[in-house]
Amino acid sequence: MAERAARRCCLGWDFSTQQVKVVAVDAELSVFYEDSVQFDRDLVEFGTQGGVHVHKDGLTVTSPVLMWVQALDIILEKMKASGFDFSQVLALSGAGQQHGSVYWKTGASQVLTSLSPDLPLREQLQACFSISNCPVWMDSSTAAQCRQLEAAVGGAQALSRLTGSRAYERFTGNQIAKIYQQNPEAYSHTERISLVSSFAASLFLGSYSPVDYSDGSGMNLLQIQDKVWSQACLGACAPRLEEKLGRPVPSCSVVGPISSYFVQRYGFPPGCKVVAFTGDNPASLAGMRLEEGDIAVSLGTSDTLFLWLQEPTPALEGHIFCNPVDPQHYMALLCFKNGSLMREKIRDESASGSWSEFSKALQSTEMGNGGNLGFYFDVMEITPEIIGRHRFSAENREVSAFPREVEIRALIEGQFMAKKIHAEALGYRVMPKTKILATGGASHNRDILQRWGAVSSFSPRKPALYSSHGEQVQSYTQ
Ligand SMILES: O=C(CO)[C@@H](O)[C@H](O)CF
């Protein structure tokens, strides 16, 4: 076989809710390799749905940490089997679903630093976690811990000024507090707590990687102005927490060279740099090269709307994170939990599980949906905190059902109107030069995007709308 031309590159990793994905990017920023492991499809023994387990209480949501570890084993073996030349990898970094937390058992660091290159990660890390099922961002079971934290620091607004957000159930500090309160023995046997992003970086580093400022802003623990842990918040959540978290670092930090495990097992060069991983949304802001005044919409498992800010403007709704690109700046974010999983449910119910049927329904109905409005929250929504499906006819009467085409348009228009209304309530404004950039799985569906463009073009300043490929999407007026 002809020798493959050497192609120096960097690897980008995404440890998201539903999959682990890798892309290889060369010096011309061309993606020449990508692969993914879908948890539900490729790791069926873990029995997840959408990559998670929703517990019987309907509020607790977790994912098995060993599923994430094994997914990495699988994807690296697939790369190796495909003949991927790891020796050309100069550096790697990545993203993780925000707010999720991983609990390393006392003694795990010794295992992590002395991995045998003859064995997969899962086999060696099997006994390294004090909590097997990690709380993830879809969890909403920590309302009590949220109230305790807000009370400890002087209320919701005070907490928002300090950490960029009032207390949110999915935020890591409240999740740690719940584990300390309900499973004190596991907490006492935990020597390190990582976010999903820093957990992934730790696997490549062969030691504990620090939390970065940007993803650390999603914990209700980091003072976003000073970039240090808030002693008041740490103390309100759990004892001796700071020693389990380590010191946070700027999101663009090189945290060290790749572990010898990957050099010997896969052929990475010993000098391959590991750059701090960060949260999926901060990574999207960085990857999309968002500029001041632009707005990004990420249509993923969750839908998020975010933008670059020079100054923090903490409020009681939405979040302010440290900026992943410029540590002196910030980013604002609104999160909508009923994102792609909600769209997939309506697709299955009203379009026979087919995206092309879904698109046809959007094409066959008018903008404004004849005055019919719908809001669909099958799981407890974050923005705002509400659950259930709520449909209203043109006569403003609540109805129990819509015809299937009307239902599909009501879902999409309702999701985008909610984003616009909540964003404007926080002061986000479409400016003359505003670009709206779309990313995430659903952004590949032009029919969905064009409805977002139509909704956002309600404003007099008709912003330019771009897909995840960077192409401008002409938003129909229908
Ligand atoms: O909770 C969120 C952001 O605050 C979600 O967008 C998660 O990051 C999705 F993984």
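Atoms within a ligand are numbered from 1 in the order they appear, just like the ligands themselves.
Below 3.5 Å of separation, one finds an N or O of H99 facing an N or O of ligand 1. Looking at ligand 1, you won't find any N or O of W137 less than 3.5 Å from one of its N or O atoms. Polar contact with ligand 1: present for N281 (N/O pair, distance under 3.5 Å).
The distance from ligand 1 to the heavy atoms of T17 drops below 4.0 Å at these ligand atoms: 10 (F). In summary, the atoms of ligand 1 found under 4.0 Å from a heavy atom of Q98, numbered by their order in the structure, are 3 (C), 7 (C), 8 (O), 10 (F). Close contacts of ligand 1 with T304, meaning ligand atoms under 4.0 Å from a residue heavy atom, involve 6 (O). Ligand 1 places these atoms under 4.0 Å from at least one heavy atom of Q97: 10 (F).
Counting heavy atoms closer than 4.0 Å to ligand 1, residue T301 contributes nothing at all.
Here the rule is side chain to side chain contact (heavy atoms under 4.5 Å, CB included) with S251, and of P327, P282, S214, C322 only S214 fits it. Results of the side chain to side chain contact (heavy atoms under 4.5 Å, CB included) test with V136 over T62, V52, V196 single out V52 as the only residue that passes. Just one of R170, H99, Q175, H55 meets the side-chain hydrogen bond (donor to acceptor under 3.5 Å, both in side chains) condition when paired with D139; it is Q175.
Looking from atom 5 (C) of ligand 1 to the surrounding protein, the closest heavy atom is S302 OG, 3.3 Å. Counting protein heavy atoms only, atom 9 (C) of ligand 1 is closest to D280 OD2, 3.3 Å. Among all non-hydrogen protein atoms, the one lying nearest atom 1 (O) of ligand 1 is R170 NE, 2.8 Å.
At distances below 3.5 Å, at least one donor-acceptor pair connects side-chain atoms of N174 with backbone N or O atoms of Y168.
For the residue pair Q18 and T301, a side-chain donor N or O sits within less than 3.5 Å of a side-chain acceptor on the partner.
A salt bridge between K78 and D42 is absent, with no side-chain N of the basic residue lying under 4.0 Å from a carboxylate O of the acidic one. Between R166 and E385, at least one side-chain nitrogen of the basic residue sits less than 4.0 Å from a carboxylate oxygen of the acidic one, meeting the salt-bridge criterion.
With Y187 as the aromatic partner, K244 meets the cation-pi criteria of under 6.0 angstrom to the ring centre and within 45 degrees of the ring axis.
Residue contacts with ligand 1: C335 is included, with a non-hydrogen atom under 4.0 Å away.
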